[in-house]
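The figures here come from the full heavy-atom set of this structure, side chains too, leaving out hydrogens, waters and symmetry mates.
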Amino acid sequence: MIEFGHCSHVGLRREHNEDTYYADADMGVWLVADGMGGHEHGEVASAIARDTLIAEIGKGTPLVRAVQLADEEIIRHSNRRSEALPMGTTIAAMRLIGGNEFEIAWVGDSRIYLWNGDLKQISQDHSYVQELIDQGAITSEQARTHPHRNVVTQALGVTDPQSLRVELVRGEFGPGMQILLCSDGLTEEVSDAEIAALLSRSELSAQECVDHLIVAALDGGGSDNVTVILVRNR
């Protein structure tokens, strides 16, 4: 049985929530999109990404192709506007196949974690600090406070479509497993160890876990919009 919880919060320092999300167990699709470009740009980009992806998956389009089409739709919309401001969004999406398999796709630094007794990040950030980590220039711990930690190297609507890397991972979604999708408003304020401690609390429902994670992000400073989805295979 699939159980899930979800919530999005504007945070404590932003006026508008540029994050958006979608959660539908019947369709077997969950996604988080973190828009960028300011009010009426980030909000619009993340909403276009969500709506396009859901419509395409509903038509039977494969997940990676649906993300690429969302990118094209954002660019089309942006080209029709007169403002010079960029309009972009990250995306982290999960799709269930046959009840016991999952596939995930992402662009940007919104994250996807798998819990199966311990916590593992199964997405890899498209970010400047992740590139520094990969090069051995900084540690993961140093990345958390790096001045350029919010710089993404890939985003829908911003990256040249020829250079866009839509990553895909497939895996088993067995009983007791949990998958967490979140915007960087969570991971900016809450460590992986804190996330793991909450996901390990079996007495909490998925929604209660999500609510605790949102509160932890706000307690940590709430510097950004924060969106969290937790999907459990009971």
Side-chain angles (χ1 to χ4, degrees), residues 2-6 8 18-36 42 44-77 87-116 120-127 130 152-174 177-184 186-187 206 227-233:
I2 298 299
E3 176 203 1
F4 66 93
H6 53 92
S8 186
E18 295 179 59
D19 286 3
T20 191
Y21 72 94
Y22 186 84
D24 187 337
D26 292 333
M27 194 175 189
V29 176
W30 294 265
L31 71 88
V32 169
D34 179 356
M36 58 194 75
V44 173
S46 60
I48 291 171
R50 175 198 64 208
D51 295 348
T52 305
L53 190 115
I54 296 309
E56 289 298 331
I57 288 176
K59 296 177 194 171
T61 305
L63 184 56
V64 168
R65 183 62 186 142
V67 174
Q68 291 168 339
L69 290 168
D71 175 57
E72 291 171 14
E73 189 58 37
I74 294 167
I75 291 169
R76 262 197 300 275
H77 186 88
M87 174 189 291
T89 186
T90 70
I91 194 159
M94 168 190 173
R95 186 180 183 192
L96 270 188
I97 307 161
N100 61 354
E101 282 186 71
F102 70 82
E103 58 180 14
I104 61 164
W106 72 94
V107 174
D109 63 353
S110 290
R111 289 184 179 175
I112 307 173
Y113 291 89
L114 176 68
W115 167 269
N116 187 21
K120 180 186 178 188
Q121 184 181 337
I122 49 175
S123 63
Q124 187 174 37
D125 297 351
H126 294 149
S127 67
Q130 184 61 51
V152 295
T153 54
Q154 295 265 321
L156 301 186
V158 178
T159 303
D160 180 336
Q162 304 302 316
S163 307
L164 188 71
R165 291 205 334 263
V166 184
E167 311 274 4
L168 181 76
V169 171
R170 292 189 176 94
E172 181 192 354
F173 195 45
M177 292 185 179
Q178 306 180 66
I179 291 181
L180 177 79
L181 298 91
C182 62
S183 63
D184 68 342
L186 177 70
T187 50
T227 302
V228 181
I229 300 174
L230 181 63
V231 186
R232 280 183 180 165
N233 189 355

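Between G157 and I74, the shortest heavy-atom contact is CA-CG2, 3.7 Å. The shortest non-hydrogen separation linking T90 to G108 is CG2-CA, 4.0 Å. In terms of heavy atoms, V67 sits closest to A105 at CG2-CB, 4.4 Å. Of all heavy-atom pairs spanning R111 and A92, the tightest one is O-CB, 4.3 Å.
At distances below 3.5 Å, at least one donor-acceptor pair connects side-chain atoms of S46 with backbone N or O atoms of E18. In terms of modelled atom types and a separation under 3.5 Å, the side chain of T89 and the main chain of A45 share no donor-acceptor contact. S123 contributes a side-chain N or O that, together with a main-chain N or O of I112, makes up a donor-acceptor pair within less than 3.5 Å. The main-chain N or O of W115 is never found under 3.5 Å from a side-chain atom of Q178 such that the two would form a donor-acceptor pair.
Scored by the ring-ring contact (aromatic ring centres under 6.0 Å, His included) test, F102 finds no partners at all (sequence neighbours excluded). With sequence neighbours excluded, the residues forming a side chain to side chain contact (heavy atoms under 4.5 Å, CB included) with V152 are M36, D109, A155, listed by chain and number. Taking E72 as the reference, R65 meet the salt bridge (charged side-chain N to carboxylate O under 4.0 Å, His left out) condition, with sequence neighbours excluded. Evaluation of the side chain to side chain contact (heavy atoms under 4.5 Å, CB included) rule for T159 yields Q154, S163, L164 as partners, not counting sequence neighbours. Residues satisfying the ring-ring contact (aromatic ring centres under 6.0 Å, His included) criterion with F4, sequence neighbours excluded, are H6, W30. Under the side chain to side chain contact (heavy atoms under 4.5 Å, CB included) criterion, D51 pairs with no residue at all, not counting sequence neighbours. With sequence neighbours excluded, the residues satisfying side chain to side chain contact (heavy atoms under 4.5 Å, CB included) with D26 are D24. Qualifying salt bridge (charged side-chain N to carboxylate O under 4.0 Å, His left out) partners for E103, counting only residues two or more places apart in sequence or in other chains: R95, R170. With sequence neighbours excluded, the residues forming a side-chain hydrogen bond (donor to acceptor under 3.5 Å, both in side chains) with D19 are S183, T227, listed by chain and number. D71 is linked by a salt bridge (charged side-chain N to carboxylate O under 4.0 Å, His left out) to nothing, counting only residues two or more places apart in sequence or in another chain. Checked against side-chain hydrogen bond (donor to acceptor under 3.5 Å, both in side chains), E101 has no partners two or more places apart in sequence or in another chain.
Proximity of V44 to H77: side-chain heavy atoms (C-beta onward) are separated by under 4.5 Å at one or more points. With a 4.5 Å cut-off on side-chain heavy atoms, L186 and L180 count as touching. Using a 4.5 Å cut-off on side-chain heavy atoms (C-beta onward), I57 and Y22 make no contact. Residues E167 and Q124 form no side-chain contact, since every pair of their non-hydrogen atoms from C-beta on lies 4.5 Å or further apart. Counting only heavy atoms from C-beta outward, the side chains of V169 and W106 approach each other to under 4.5 Å.
Rounding to the nearest 0.5 angstrom, the gap separating the CD1 atom in I2 from the CG atom in L96 is 5.0 Å. How far CG of D184 is from OG of S110: 6.0 Å, rounded to the nearest 0.5 Å. With values rounded to the nearest 0.5 angstrom, M27 atom CE is found 5.0 Å from I54 atom CD1. One finds the CD1 atom of I122 at 3.5 Å from the CD1 atom of I104 (value rounded to the nearest 0.5 Å). Note that CZ of F173 and CD1 of I179 are 4.5 Å apart. Values are rounded to the nearest 0.5 Å. For the atom pair OG1 (T153) and CZ (R165), the distance works out to 6.5 Å, reported to the nearest 0.5 Å.
Each of L63, I91, L156, V64 was scored for a side-chain contact (heavy atoms from CB on, under 4.5 Å) with V166, with one residue passing: V64.
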